[in-house]
Every structure is written in structure tokens, then in C-alpha cells.
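Here the structure is a predicted model, which is why all the values come from computation and not from measurement.
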Amino acid sequence: MQEATTSDLVGLPSGEILDLICSGRHDDPFSVLGPHKIGRATYVTAFNPGAAQLFAVQGEKRQPLHALPNNPGLFHGKIVETKPYRFAGVTAEGSEFEYDDAYRFGPVLGEMDEYLLGEGTHRRLWHALGAHVIHHEECDGVHFAVWAPNARRVSVLGDFNQWDGRRHVMRRRGASGIWEIFVPEIGDGTPYKYEVIGPDDTAQ
């Protein structure tokens, strides 16, 4: 495992925010996870509690990401901005894995969807909400969207993340009450459920 030093932690938020990411209780994980440009460089942050090592794969290059010693499961490192990336890694038991990062994808619903859903006048509600197999930003996967206006945090769970609510915390769409995320590389028939943390800080 390649642990990070102070010089490796460029652009990371405070330890309190990182703790929220690791506990799955941050309501805006896209502001921390995924790729972010800092100065002239681009850095990526990932949360994978099952990984002993994690790499950003861009073409033939495998860039090792630094494990954050005070936040198990968090990895951070520099990537090439102009190239798409995937993650590859090794578990503590030695099993290898590779996957596409849900946090590198932009939102699926547009601003008009957000507005109409927020005021309750969207005429294709069944198309905007729920789970739909789509092709998004050159990748196949499933778009999940749910209306949970009183939630502090919403996650989608399934076999694709070991039913771990910390792994795919969804994107809050402003004050509309809508939460969404695009999960790549899963398809029709994938079992799933939502995990909601309410105002009283309990999961449902």
C-alpha cells in the first residue's frame, strides 16, 4: 500500500469532510470524489473500502494512488487530465478488480428536469425517476434518480457495491429534492435499493 505524505494531499478537504465521505454521510460527494482540476494538474479521489491498493488506469499507464492513512478506503493521486481513466486494484486477500468510476460522470437530468420535478409539473416523471439503462458519456450503465426532499443523504445499493451505502452516495439536485447517480457497467435486471439518511440521522 502506498500511503500519502503531506505533499501528496494536494486539493484534499479537511479531515472532518473526509471522515464524512468514509462514513457515507457527506451530502455532496461529487465535490470530493472523482476528478478535480487543481491549478494546472488534475487529481482524482476515490473511496473503496475493500481495496488494499488502487491504481488509476489511463491507456497503458497504471498510476498508483496514495492511501490516506487517517481515512481507510480513501485514495488520492494525480492523473492525466486529457485521458479517461478506470480504477484497478487489489484486495487484502489478493484478488484483483477493475471498474469505471461513477464519480467521473456528470449529471443525467438537465436543469429543466430539475425545475419541473421540483415544482411537480414534469410530464414524463416515469422517465426521469427510477432506474433506467442508458448510454451516458460514452459508457453503458444505469441511471438512478429518486425524490427524497427531506433526506440528508441518499445512496443506491446493490451487488455492484456489496450493498454498502457508503459506496454510491447520490448527487443532490439543488433544492428540488431529487437525488441521482449514473452507475456504469451494470445493466437491466440489476437488483438494487435506496438507503436514505433522514433528518434524524438514521438510515432507512
Tell me if a side-chain donor or acceptor on W147 pairs with a main-chain N or O of S176 at a distance below 3.5 Å. yes

Do F144 and Y192 have their ring centres less than 6.0 Å from each other? yes

What distance do H136 atom NE2 and I134 atom CD1 have between them, rounded to the nearest 0.5 Å? 6.0 Å

Tell me whether the centres of the aromatic rings in F182 and H143 are closer together than 6.0 Å. no

When rounded to the nearest 0.5 angstrom, what is the spacing between CD in Q58 and CD in E81? 10.5 Å

Worked check of side-chain hydrogen bond (donor to acceptor under 3.5 Å, both in side chains) between H168 and S155: CA-CA 6 Å; H168 287 93; S155 291; over 6 Å; no

Are Y85 and V80 in one and the same hydrophobic cluster, where Ile, Leu, Val, Met, Phe, Trp and Tyr link if side-chain heavy atoms are under 4.5 Å apart? no

Could you pull out the closest heavy-atom pair between V57 and A88, with the gap in Å? CG2-CB, 3.7 Å

Verify side-chain hydrogen bond (donor to acceptor under 3.5 Å, both in side chains) between N48 and Y99, making sure each step is shown before the conclusion. CA-CA 11 Å; N48 188 323; Y99 64 98; 3.1 Å; yes

Check salt bridge (Lys or Arg N to Asp or Glu O under 4.0 Å) between R152 and all other residues, then give those that pass, not counting sequence neighbours. D201

Common cluster, I17/M170, ILVMFWY with side-chain heavy-atom separation under 4.5 Å: yes

Rounded at 0.5 Å granularity, tell me how far CZ in R171 sits from CG in L109. 10.0 Å

Donor-acceptor pair, side chain of N161 and main chain of G158, under 3.5 angstrom: yes

Is E180 reaching over with its side chain to a backbone N or O of P107, donor-acceptor style, under 3.5 angstrom? no

Rounded to the nearest 0.5 angstrom, the CZ-CG distance for R62 and L54 is 9.5 Å

Heavy-atom donor-acceptor pair, E137 side chain to G106 backbone, under 3.5 Å: yes

Roughly how far, to the nearest 0.5 Å, is NE2 of H135 from CD of E138? 6.5 Å

What do the steps show when you test R173 against W179 for side chain to side chain contact (heavy atoms under 4.5 Å, CB included), and what is the final call? CA-CA 6 Å; R173 295 302 303 265; W179 300 75; over 6 Å; no

Looking at CG of L157 and NZ of K193, how far apart are the two atoms once the value is rounded to the nearest 0.5 Å? 6.0 Å

Without swapping roles, check the side chain of R153 against the backbone of G24 for a donor-acceptor pair under 3.5 Å. yes

So V154 and V169, do their side chains get closer than 4.5 Å, heavy atoms only? no

By salt bridge (Lys or Arg N to Asp or Glu O under 4.0 Å), D19 pairs with (sequence neighbours left out) none

Cluster link L20 to L74, ILVMFWY, side chain under 4.5 Å: no

Do W163 and F97 share a hydrophobic cluster, counting only Ile, Leu, Val, Met, Phe, Trp and Tyr and linking them when any side-chain heavy atoms are less than 4.5 Å apart? no

Between F75 and H66, does the ring centroid distance fall short of 6.0 Å? no

Hey, does the side chain of H132 reach the backbone of L129 with a donor-acceptor pair shorter than 3.5 angstrom? yes

Please tell me if the side chains of H76 and L12 come closer than 4.5 Å, counting only heavy atoms from C-beta onward. yes

With salt bridge (Lys or Arg N to Asp or Glu O under 4.0 Å) as the criterion, how do R86 and E185 come out once you've worked through the C-alpha distance, each side chain's angles and the decisive distance to 0.1 Å? CA-CA 12 Å; R86 290 171 57 83; E185 302 178 310; 2.5 Å; yes

Could you go step by step and tell me if L18 and L68 meet the side chain to side chain contact (heavy atoms under 4.5 Å, CB included) rule? CA-CA 10 Å; L18 296 179; L68 305 190; 4.1 Å; yes

Strictly under 6.0 Å, is that where the ring centroids of Y103 and F105 end up? no

Taking the side chain as every heavy atom from C-beta outward, state whether P13 and V32 have any atom pair closer than 4.5 Å. yes

